[in-house]
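Read the structure below first, then the notes.
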There are 2 protein chains.
Amino acid sequence: MNDLFSAKNFSDGDSGPLYLQLHRRIAEAIASGRLKPGDSLPPEREMAIQTGLSRVTIRKGIEALVASGQLVQKRGSGTFVAPKVERLEQALSLLTSFTEDMARRGRQVESHWLMRGLHAPVPEEVMALGLGAGDRVARLERVRSSDGVPLAIERASLPAAILPDPQAIEFSLYGVLNARGLRPVRAVQRISATNLGPKDADLLGVGTGVAALRIERVSYLETGQVVEFTRSIYRGDAYDFAVELKLASGDDRSEAERNGA
Amino acid sequence: MNDLFSAKNFSDGDSGPLYLQLHRRIAEAIASGRLKPGDSLPPEREMAIQTGLSRVTIRKGIEALVASGQLVQKRGSGTFVAPKVERLEQALSLLTSFTEDMARRGRQVESHWLMRGLHAPVPEEVMALGLGAGDRVARLERVRSSDGVPLAIERASLPAAILPDPQAIEFSLYGVLNARGLRPVRAVQRISATNLGPKDADLLGVGTGVAALRIERVSYLETGQVVEFTRSIYRGDAYDFAVELKLASGDDRSEAERNGA
DNA sequence: AAGTGGTCTAGACCACCGA
DNA sequence: CGGTGGTCTAGACCACTTT
């Protein structure tokens, strides 16, 4: 019945390297629904026997599927099709907190604190926050989860002058700032893509090398003072950020022509 | 002189798997500037001898560095530290074309066409463009480069009613639309991260699995009619998208209560 | 204790590049 | 042509999970 791993149809030179043929077979089986989330694959040694390939080649074929989060491997247990992660869509042009954003969706939010305290700033923080000599920085580092699924790593730095008591933050940073009349009204974000390192991948429960969104944010008070400098890592397979664009201001085409000239 | 690959300090059990120790050594050498862009690494077989590891292990240690774009391997030639790619920052909240955006930076723009013509739409295009039965779609697929470096893959679909002659587009799509009075004034984008597949990675000249930004955009005319549906892939290591946020309006109770701002 | 994935080896052949 | 990376093998031991 399960001819997914039959030795037939594995011919070198036919359609590229053997490990890619295997990769394609499994990827198609997942895409077509033949392999469903939670299904287990045969043990690597078993696949090797069935396909007539070596175990090294089997692992190489599986590797990319693990790296892209489609398969999950558990030592001592087995290889499984990854559970489907519901994609969340988040508006980028509004300044909201994670807590508020999730509450609006009616979802549970959990935080796992990695670090919460006052420290000596690193140069990056001095720059972003505009700190003076001797100023200390409040650092909040946590993994954000929703319904038990880790979605993001958030590393926030604030001037100690703004948040002298980081331990006071239990859930929502913005909630506390808001209660103190320090809610940011403007922020600038930079978004890029990155491959997760072993550490961050582990925190998010995905494989090393999985694509993630890196978002750096600097938030400002009405007065122009910097409130926070946050570096976040969002799971690429769990998030869509949405943004609405307006027509570029200025006299459209002629502007580009002038500047290009 | 070059003790990067000396057998000393390679001890199992000491600090994790051997391939990770090798990975760390090389990554640190790159980060510290000891290995500079363009430098070549010794051949794999040579590294294996120097370190006392097997070639398979050497390759495994190098693998992640290639996947993340820090090293480039050329068959028949060697392994090299990747040239530094200058990060471009692009404003997300303005609706500009790639051509205009680059011209504004005073950079050369090249396009390599992969496809340009009229086709029968796929369901995804019918949905996004609001096509009727029998409508055809203009498809523009190209690799965008700047100063010879591939930066993005752009796959645009437009109703044939908007662009009956896709061959007319030589450089800027928006330029042609603008000249015809069809310039979009509003667009909605969705941004996510993805691992590049072998095909797209090759088009962008990076390794399979490298993180990239996937941006889907739907653009509208003043009349509300959909002009284009574009799926783009941007190199994660070459782009920063910037967006400015405003205070979320009327989102939670506490804000409504204390709101003066 | 048995079975799983994780790591590692030594050696082989191929495809491609450059002199 | 020689040297490079790309693929593949058979077999070994380890660390962990499950039973």
Side-chain angles (χ1 to χ4, degrees), chain A residues 5 7 10-24 26 38-67 69-82 198 201-202 205-209, chain B residues 5 7 10-24 26 38-67 69-82 198 201-202 205-209:
Chain A
F5 303 103
F10 271 105
S11 54
D12 203 347
D14 189 27
S15 43
L18 300 173
Y19 76 93
L20 282 181
Q21 296 181 36
L22 176 64
H23 175 280
R24 202 178 316 127
I26 300 177
D39 283 2
S40 70
L41 266 60
E44 294 173 350
R45 289 163 182 82
E46 180 62 28
M47 285 191 265
I49 294 172
Q50 287 184 24
T51 58
L53 306 179
S54 75
R55 191 178 154 215
V56 176
T57 303
I58 297 290
R59 282 181 63 78
K60 178 130 186 166
I62 286 178
E63 188 180 66
L65 294 164
V66 174
Q70 298 181 73
L71 293 180
V72 177
Q73 291 191 300
K74 295 179 185 170
R75 171 158 44 184
S77 175
T79 301
F80 307 87
V81 179
D202 194 54
V206 298
T208 302
Chain B
F5 304 103
F10 272 105
S11 54
D12 203 348
D14 188 26
S15 45
L18 299 174
Y19 77 92
L20 282 182
Q21 295 180 38
L22 176 64
H23 175 282
R24 201 178 316 126
I26 300 176
D39 283 2
S40 70
L41 268 61
E44 296 173 349
R45 289 164 181 81
E46 181 61 29
M47 284 191 265
I49 294 171
Q50 287 186 24
T51 58
L53 307 179
S54 74
R55 191 177 154 215
V56 176
T57 303
I58 297 290
R59 283 181 62 78
K60 177 132 188 167
I62 286 179
E63 188 180 66
L65 294 165
V66 174
Q70 298 181 73
L71 292 179
V72 177
Q73 291 190 301
K74 295 178 187 172
R75 170 158 44 183
S77 176
T79 301
F80 307 87
V81 179
D202 193 54
V206 298
T208 301

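All chains are named by letter (A, B, ...) in the order of the sequence lines, taking the proteins before the strands, and each is independently numbered beginning at 1.
- To the nearest angstrom, P of dT4(C) lies 17 Å from CG of Leu71(A).
- Atoms CG (Leu65(A)) and P (dG5(C)) sit 14 Å apart, rounded to a whole Å.
- Contacts of Ser77(B) classified as side chain to side chain contact (heavy atoms under 4.5 Å, CB included), with partners at least two apart in sequence or in another chain: Lys74(B), Phe80(B).
- Annotation: of the two residues near DNA chain D, Lys60(A) and Lys74(A), the 5′-most nearest-nucleotide partner is Lys60(A).
- Rounding to the nearest 0.5 Å places CE of Met47(A) at 8.5 Å from CD of Gln50(A).
- For dT4(D), the OP1/OP2 oxygens have no side-chain nitrogen or oxygen of Thr79(B) closer than 4.0 Å.
- Atom P of nucleotide dG6(D) and atom NE2 of His23(A) are separated by 17 Å, given to the nearest angstrom.
- Listed here is the closest heavy atom pair of Ala201(A) and Gly207(A): CB-O, 3.5 Å.
- In this structure, Gln73(B) atom CD and dG3(D) atom C1' are separated by 15 Å, rounded to whole Å.
- The nearest whole Å value for the distance from the CD1 atom in Ile62(B) to the P atom in dT7(D) is 14 Å.
- When distances are taken from the side chain of Tyr19(B) to each of dT7(C), dG5(D), dC8(D), the shortest belongs to dT7(C).
- Glu44(A) places its CD atom 12 Å from the C1' atom of dG3(C), with the value rounded to the nearest Å.
- Taking Asp202(B) as the reference, nothing meets the side chain to side chain contact (heavy atoms under 4.5 Å, CB included) condition, with sequence neighbours excluded.
- Atom C1' of nucleotide dC8(C) and atom CD of Gln21(B) are separated by 13 Å, given to the nearest angstrom.
- When rounded to the nearest whole Å, the span between CZ of Arg59(A) and P of dG6(D) equals 20 Å.
- Taking the side chain as every heavy atom from C-beta outward, Leu18(B) and Thr51(B) never approach each other to under 4.5 Å.
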Sort me out a list of protein N/O and nucleotides 9-16 of chain C N/O pairs below 3.5 Å, or just none if empty.
from    : atom 1 : to       : atom 2 : distance (Å)
dT9(C)  : OP2    : Ser54(B) : N      : 2.8
dT9(C)  : OP2    : Ser54(B) : OG     : 2.7
dT9(C)  : OP2    : Thr57(B) : OG1    : 2.4
dA12(C) : N6     : Arg55(B) : NH1    : 3.4

Would you list the atom pairs, donor with acceptor, under 3.5 Å between side chains in residues 57-66 of chain B and any protein atom, with sequence neighbours excluded?
from     : atom 1 : to       : atom 2 : distance (Å)
Thr57(B) : OG1    : Ser54(B) : OG     : 3.1
Arg59(B) : NH1    : Glu44(B) : OE1    : 3.4
Arg59(B) : NH1    : Glu44(B) : OE2    : 2.8

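- When the side chain to side chain contact (heavy atoms under 4.5 Å, CB included) test is applied to Ala82(B), the partners found at least two apart in sequence or on another chain are Val72(B).
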